[in-house]
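The shown structure was predicted, so the numbers you read here are calculated from the model rather than taken from an experiment.
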Amino acid sequence: MVDTNEDKEFSKIIEKKQKRKLAARKDAQHPVWFGLGMFGLVGWSVAIPTILGTFLGLWLDKTWPGRPSWTLTLLLTGVMVGCWNAWYWVKRESRKKE
């Protein structure tokens, strides 16, 4: 049987995933509590900018009422900033593991 380039690439991917999985099993630094903490970090990193944006928008709508809804605009901006922030933290932790 002849190994093609695709087969070699696939084997490398599987080998890399298997090594990472074995290393994670041996790594006692990241118990279940680490996963729960990371889950909480992701949640708060989305919630805080969303809440801040909403309150700032409510204040702006009370202070300067007008056609654009500042509350809705800053709520969506807060969600986007929070999602970017959560992505950043998750990406940072996944780089540490590799």
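The side-chain contact (heavy atoms from CB on, under 4.5 Å) check on V79 picks up T50, C83, with sequence neighbours excluded. Here E15 pairs with K19 under the salt bridge (Lys or Arg N to Asp or Glu O under 4.0 Å) rule; sequence neighbours left out. Taking the side-chain contact (heavy atoms from CB on, under 4.5 Å) definition, one finds that L58 meets it with T54, F55, T71, sequence neighbours left out.
The two residues G82 and P49 come nearest to each other via the heavy atoms CA-CG, 3.9 Å.
For the side chain to side chain donor-acceptor pair (under 3.5 Å) condition, the pairs that include at least one residue of residues 78-90, sequence neighbours left out, are N85-W89.
Note: I13 CD1 to K16 NZ = 8.5 Å, rounded to the nearest 0.5 Å.
Hydrophobic side-chain contacts under 4.5 Å tie I48 into a cluster, directly or through other members, with W44, L52. The other members of the hydrophobic cluster of W64, by chain and number, are L56, W59, L60, W70, L74 (side-chain heavy atoms under 4.5 Å, ILVMFWY only).
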